[in-house]
Amino acid sequence: MNAGLHNYLHKKILLFTLVSFLVLTGNSQTKIDSITDLVEKASKNIKSKEDKKHYIDLLTSLSSHYTYDNIDSLKSISERVYKLSNTINYKKGKADAIAHLAYYNSYQGNSELALQQLNEALKLAREVDYIRGQINILNQIGSENAYIGKNSDALKAYLEGSDIALANNNKVLLSFIKDNTASLYATQKDYKQSIALYKEVDKLNKEIGNPIYIAETHANMSDIYIRTNQLDLATKYIDNSIATFEKHNDKEWLSYCYINKARILIQQNQPKFALKWLDISENILNDLTDDRTVVSLENAKAKAYLGLKQTDKAEESVNKAIEIGSRFNLLEELEEAYETLYLIHKQNNDTDLALESLEMFKKTSDSILRRENSNSLGAFKTRTEYERQKRDTEADAKKEIDKHQNYLYIAIAALVVLSFILLLIKIQANTRKKLYNQLIEQTKVLKKRENELENINKTKDKLFSIIGHDLRNPIAALQSLLDMFVAKDVEAEDFMRFIPKLKSDVDALFFTLTNLLSWSRTQMNGGSTTPSNAKMYNLAHNNINLLAELAENKNIKITNTIPENAIIWADKNQMSVVVRNLLSNAIKFTKTGGNIIINAKETTNSWIISIQDSGIGIKPELIEELFSNDNAIAVSYGTNNEKGTGLGLPLCKEMITNNQGTIWVESTLGEGSTFYFELPKKEI
């Protein structure tokens, strides 16, 4: 689950706000005392408008340092800053005050009001060209949208903020906003992209030379490694972060790091040691106002207590997590809490409460899935639209520059027209040639964009077609059966007879969804191919195991005769998808009691892999279009009425092509088919 995600988004908003003001060392109270002294001195020396602005900026800095210590003080001081700024029409001060009030309302769970205030603050910051404030507010807008699952709006705000920071060469603010962008990719479970961005941030932080910034990014990277079960890397990064934060007495980040340390120990089945770290974190949080971190703490405590079989304490902690998580609508944390609560009741042999908790877990998981499905497509649309708008803006700017250059040329030509007629003719000829070349280039660009839009529309139509028919209908049927069971229209004994069918439907949906996601990535952004040495025998063996139940249901024997030395140079994940799809098709079109043989033949520079079945074969007129997106056989019914989506074979061809290989088929109607694909032995 995404435990900890909302927590580190929250921390990056806070630090991003603090960095806009005074940078002080020492503990939180020392910082507050130091700024309070400066505020008191400034209040006694207000003689001009500039003095009042300085006083307002100090108050703003003071309010930001109350974020963890006293959220109500943040609000009261920010309201005072707004009133003072309003008396002298100090728009920078008003923008900062409104942004802080938006943070307060976000903390209260009122995201709608917070976003309204942030948009108002952004407008003010733009009016006075307050660059640092614009980046700060765009970061808050992005993070606030991320909290409530509006990932498209979040990405748009982060992209705009990153561009402003990059244009102004502000590495510090660019580091922070890229850090939050990485966390946004984590919400989409795109951990590879997330880690890649964090590494960019880490490089920026090392250029800046601030150990605190480096430690913060390493702490966030540890969270990704925990979720991908890379516990050695997670331990390395979190230990380095803890050492830095302990040295600088940064309690806010220490509370977060100690929780991550405990999460690692829990996954390593060391709940007793995990509780020691969680106790330290809880002692810190008792002095702070940081409920989002408390949710992560209580979820971790519940898991640790469950590991020690102390179910009463585990239930107490998980109920606290549910109460706070519901207030902030933190779906990922709520999902984790309900899952733990189910395990608690199951351990206590309380079947009714366990089923109730499982139902809440399923309901929360469905909400997350719906949000992620819509936002993953939305994030792609946002990125595409943003890049298109950016290109259009740059093109307009170029046209404007060209326009002014032409005016300059005409003005110069007018001054020397009598003396330099020949030169003028040459300049005009060059200008016409330049404009003609530009016209040709613009025509090419427009044609390319037209093709891109056409491909995107085709991709969209294909996606919605599959979602509307191949995914929605089975899910609707499953939902209807479950509704009947919940309404007691179907007895438990009758319902249990549907379980094998339900499992088969769910397996089919999962297979379809896996293909859909893989295909949509290759269509929308080209996917990501990372070749390495891969043993074909292992890839085939693993996928045979995955599809063993389907084969057993039709009494089909699958034989893996690939030699152990068959090592290819290709992306392992993509080749696994290829083998799984070809093997699934072979099972689909092979009658009960048939045979499937997987083999490999070595050539000088490659391996040729074959998957041979004793199925119904393919009509000759269908073979030529077999690997296109509109192929007929891929969406036809199998020997037991199995139905596909039409994605498998086109997806196989794209992945084989991306790995410098080829794929083809040989088939005899009524006797069976053999699919071949050839891949290089080593890096090309």
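Heavy atoms only: backbone and side chains are in, while hydrogens, waters and symmetry mates are out. By convention here, the first residue in the shown sequence is residue 1.
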Colleague: What I want to find out is whether Lys251 reaches Asp287 closely enough, with some N-O distance under 4.0 Å, to be called a salt bridge.
Modeller: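 Salt bridge absent between Lys251 and Asp287.
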Colleague: Kindly say whether Tyr82 contributes a backbone atom to a donor-acceptor pair with the side chain of Ser85 at under 3.5 angstrom?
Modeller: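 No, the answer is negative, given that no donor and acceptor are paired below the 3.5 Å cut-off.
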Colleague: List the steps, then state whether side-chain contact (heavy atoms from CB on, under 4.5 Å) holds for Ile264 with Gln270.
Modeller: CA-CA 9 Å; Ile264 295 171; Gln270 301 183 59; over 6 Å; no
Colleague: Regarding Thr217 and Lys199, is there a side-chain donor-to-acceptor distance under 3.5 Å anywhere?
Modeller: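 Checked: Thr217/Lys199 side chains show no N/O donor-acceptor pair below 3.5 Å.
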Colleague: Testing Leu101, Leu122, Ile137, Asn110 for side-chain contact (heavy atoms from CB on, under 4.5 Å) with Gln117, which one passes?
Modeller: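 Result: among Leu101, Leu122, Ile137, Asn110, Leu101 is the only option passing the side-chain contact (heavy atoms from CB on, under 4.5 Å) with Gln117.
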Colleague: Less than 4.0 angstrom from a charged side-chain N to a carboxylate O is my criterion; do Lys206 and Asp202 meet it?
Modeller: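 Yes, charged N to carboxylate O under 4.0 Å.
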Colleague: Indicate yes or no for a side-chain donor-acceptor contact from Ser194 to the backbone of Ala182 under 3.5 Å, with no hydrogens or angles considered.
Modeller: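 Yes, the answer is positive, given that a donor and an acceptor are paired below the 3.5 Å cut-off.
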Colleague: Between Asp250 and Tyr256, do the side chains contain an N or O donor and an N or O acceptor separated by less than 3.5 Å?
Modeller: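 No.
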Colleague: Distance check, rounded to the nearest 0.5 Å: Lys236 atom NZ versus Tyr225 atom OH?
Modeller: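 Interatomic distance, Lys236 NZ to Tyr225 OH, rounded to 0.5 Å: 8.5 Å.
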Colleague: After noting the C-alpha distance and the side-chain angles of Asp179 and Asn220, does the key distance pass the side-chain hydrogen bond (donor to acceptor under 3.5 Å, both in side chains) rule?
Modeller: CA-CA 8 Å; Asp179 194 297; Asn220 289 338; 2.9 Å; yes
Colleague: If we count only N and O atoms by modelled type, under 3.5 Å, do the side chains of Glu333 and Asn299 hold a donor and an acceptor together?
Modeller: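 Asn299 and Glu333 do not have a side-chain donor-acceptor pair below 3.5 Å.
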Colleague: Enter the distance from Leu197:CG to Thr181:OG1 here, rounded to the nearest 0.5 Å.
Modeller: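 Rounded to the nearest 0.5 Å, the CG-OG1 separation comes out at 6.5 Å.
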Colleague: Does some side-chain heavy atom of Thr36 sit less than 4.5 Å from a side-chain heavy atom of Leu62?
Modeller: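 The answer is yes; the side chains approach within 4.5 Å.
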Colleague: To the nearest 0.5 Å, what is the distance between CD1 (Ile344) and CD (Glu339)?
Modeller: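 If I round to the nearest 0.5 Å, the distance is 11.0 Å.
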Colleague: Would you say the side chain of Tyr147 lies within less than 4.5 Å of the side chain of Arg292, judging by non-hydrogen atoms?
Modeller: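 Touching, per the 4.5 Å side-chain cut-off.
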Colleague: To the nearest 0.5 Å, how far apart are NZ in Lys362 and OG in Ser367?
Modeller: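 So the NZ of Lys362 and the OG of Ser367 are separated by 9.5 Å.
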Colleague: Is Lys53 atom NZ crowded by more than 12 heavy atoms from other residues, nucleotides or ligands, each under 6.0 Å away?
Modeller: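 Result for NZ/Lys53: enclosed.
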Colleague: Taking the side chain from Ser326 and the backbone from Ile322, do they hold a donor-acceptor pair closer than 3.5 Å?
Modeller: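 Yes, Ser326 side chain to Ile322 backbone: donor-acceptor pair under 3.5 Å.
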Colleague: If you compare all heavy atoms of Gly93 against all heavy atoms of Ile56, which two are closest, and at what distance to 0.1 Å?
Modeller: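 Residues Gly93 and Ile56, closest heavy atoms: CA-CG2, 4.2 Å.
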Colleague: Judged by atom type as modelled, is there a donor-acceptor pair below 3.5 Å linking the side chain of Ser317 to the main-chain atoms of Ala314?
Modeller: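 Not confirmed, Ser317 side chain does not pair with Ala314 backbone.
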Colleague: Between Ser175 and Lys171, is there a donor-acceptor pair closer than 3.5 Å when you use the side chain of the first and the backbone of the second?
Modeller: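 Between the backbone of Lys171 and the side chain of Ser175 there is no qualifying donor-acceptor contact (under 3.5 Å).
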Colleague: Would you say the side-chain atoms of Ser48 and Glu50 include a donor-acceptor pair closer than 3.5 Å?
Modeller: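 The criterion, which ignores hydrogens and geometry beyond distance, is not satisfied for Glu50 and Ser48.
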Colleague: Less than 4.0 angstrom from a charged side-chain N to a carboxylate O is my criterion; do Glu160 and Arg126 meet it?
Modeller: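 Here Glu160 pairs with Arg126 in a salt bridge, since their nearest N and O are under 4.0 Å apart.
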Colleague: Decide side-chain contact (heavy atoms from CB on, under 4.5 Å) for Phe245 and Glu216; before the verdict, give the C-alpha distance in whole Å, the side-chain angles of both, and the deciding distance to 0.1 Å.
Modeller: CA-CA 9 Å; Phe245 293 136; Glu216 290 163 0; 3.8 Å; yes
Colleague: Over 60° means perpendicular and under 30° means parallel, so tell me whether Tyr213 and Phe176 are parallel, tilted or perpendicular.
Modeller: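 Tyr213 vs Phe176 ring planes: perpendicular.
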Colleague: Got a donor-acceptor contact below 3.5 angstrom from the Ser241 side chain to the Ala215 backbone?
Modeller: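 Yes; at least one donor-acceptor contact below 3.5 Å.
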Colleague: Does the gap between the ring centers of Tyr191 and Tyr185 come in under 6.0 Å?
Modeller: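 So the answer is no for these two rings.
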Colleague: Check whether any side-chain heavy atom of Tyr342 lies under 4.5 Å from a side-chain heavy atom of Phe361, and answer yes or no.
Modeller: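 Contact flag for Tyr342/Phe361 side chains = no.
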Colleague: Which heavy atom of Ala146 sits nearest a heavy atom of Ala154, and at what distance?
Modeller: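 For Ala146 and Ala154, the tightest heavy-atom pair comes out as N-CB, 3.8 Å.
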Colleague: Starting at OG1 of Thr244, measure out to CG of Leu254 and round the result to the nearest 0.5 Å.
Modeller: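 So the OG1 of Thr244 and the CG of Leu254 are separated by 10.0 Å.
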Colleague: Once rounded to the nearest 0.5 Å, what's the spacing between atom CG of Asn210 and atom CG of Leu204?
Modeller: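 Reported to 0.5 Å precision, the distance equals 12.5 Å.
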Colleague: For residues Leu233 and Thr228, determine if any side-chain heavy atom of one lies less than 4.5 Å from a side-chain heavy atom of the other.
Modeller: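 SC-SC contact between Leu233 and Thr228 ruled out.
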Colleague: Do the side chain of Ser61 and the main chain of Leu58 share a donor and acceptor less than 3.5 angstrom apart?
Modeller: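 No, the answer is negative, given that no donor and acceptor are paired below the 3.5 Å cut-off.
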Colleague: Under 3.5 Å, is there a donor-acceptor pair linking the side chains of Ser63 and His100?
Modeller: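 Looking only at side-chain atoms, His100 and Ser63 do form a donor-acceptor pair, the distance falling under 3.5 Å.
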Colleague: Taking atom NZ as the centre, does Lys75 end up with more than 12 heavy-atom neighbours from other residues, nucleotides or ligands that are less than 6.0 angstrom away?
Modeller: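 Atom NZ in Lys75 is not packed in, count stays at 12 or less.
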Colleague: Flag the pair Trp277 / Ile242 as yes when at least one side-chain heavy-atom distance between them is below 4.5 Å, and no otherwise.
Modeller: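 Answer yes - side chains close enough.
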Colleague: Does Lys301 come within less than 4.0 Å of Glu282, counting only side-chain N to carboxylate O?
Modeller: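 Judged by the 4.0 Å cut-off on N to carboxylate O distance, Lys301 and Glu282 do form a salt bridge.
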Colleague: For residues Leu275 and Tyr305, determine if any side-chain heavy atom of one lies less than 4.5 Å from a side-chain heavy atom of the other.
Modeller: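 Yes; the side chains approach each other to less than 4.5 Å.
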Colleague: When you compare the side chain of Tyr90 with that of Asp57, does any pair of heavy atoms fall below 4.5 Å?
Modeller: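 In contact.
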Colleague: Say whether, by atom type as modelled, one donor and one acceptor occur between the side chain of Asn319 and the main chain of Glu315 under 3.5 angstrom.
Modeller: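 Yes.
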Colleague: Can Lys303 and Glu336 be counted as an ion pair, charged N to O under 4.0 angstrom?
Modeller: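 Answer for the salt bridge query: yes.
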Colleague: Do Asn139 and Asn180 meet the criterion of a side-chain donor-acceptor pair at a distance under 3.5 Å?
Modeller: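 Judged by distance alone, the side chains do pair up.
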Colleague: Of all the heavy-atom pairs spanning Asn260 and Ser222, show the shortest one and how long it is.
Modeller: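 Looking at all heavy atoms of both residues, the shortest contact is ND2-OG, 3.2 Å.
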Colleague: A quick test of your reading: do over 12 heavy atoms of other residues, nucleotides or ligands sit less than 6.0 Å from CZ of Arg80?
Modeller: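 It does not: Arg80 CZ has 12 such atoms or fewer within range.
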Colleague: For residues Thr60 and Asp96, is any side-chain donor paired with an opposing acceptor at under 3.5 Å?
Modeller: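 Side chains of Thr60 and Asp96: no pair found under 3.5 Å.
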Colleague: Who passes salt bridge (charged side-chain N to carboxylate O under 4.0 Å, His left out) against Asp51, sequence neighbours left out?
Modeller: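 If we apply the salt bridge (charged side-chain N to carboxylate O under 4.0 Å, His left out) test to Asp51, skipping adjacent residues, there are no hits.
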Colleague: Might you point out which heavy atoms bring Ile177 and Gly161 nearest each other, and give the distance in Å?
Modeller: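 So the two residues come closest at CD1-CA, 3.5 Å.
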Colleague: With no hydrogens and no angle check, just 3.5 Å: does a side-chain donor-acceptor pair link Thr311 and Gln347?
Modeller: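 Side chains of Thr311 and Gln347: no pair found under 3.5 Å.
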Colleague: Please assess Gln134 against Asp129 for the test side-chain contact (heavy atoms from CB on, under 4.5 Å), listing each intermediate value before the final yes or no.
Modeller: CA-CA 8 Å; Gln134 290 178 45; Asp129 200 26; 4.1 Å; yes
Colleague: Please check if the number of heavy atoms outside Glu112 that lie under 6.0 Å from its CD is greater than 12.
Modeller: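 No, the 6.0 Å shell around CD holds no more than 12 heavy atoms from other groups.
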Colleague: Under 3.5 Å, is there a donor-acceptor pair between the side chain of Ser281 and the main chain of Ser255?
Modeller: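 Yes; judged by distance alone, with no hydrogens or angles, the pair exists.
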Colleague: Is the closest side-chain heavy-atom distance between Ile148 and Asn329 below 4.5 Å?
Modeller: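 SC-SC contact between Ile148 and Asn329 ruled out.
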Colleague: Kindly indicate, with the supporting measurements, whether the criterion side-chain contact (heavy atoms from CB on, under 4.5 Å) is fulfilled by Tyr258 and Ile284.
Modeller: CA-CA 10 Å; Tyr258 290 154; Ile284 295 174; 3.8 Å; yes
Colleague: Taking all non-hydrogen atoms of both residues, which atom of Tyr55 and which atom of Leu84 are closest, and how far apart?
Modeller: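 For Tyr55 versus Leu84, the nearest heavy atoms are CE2-CD1, 3.8 Å.
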Colleague: Which atoms form the tightest heavy-atom contact between Ser78 and Ala97, and what is the distance?
Modeller: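 Smallest heavy-atom distance, with atoms named: O-CB, 3.4 Å.
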Colleague: Does CD in Glu127 sit with more than 12 non-hydrogen atoms of other residues, nucleotides or ligands closer than 6.0 Å?
Modeller: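 Correct, the count exceeds 12.
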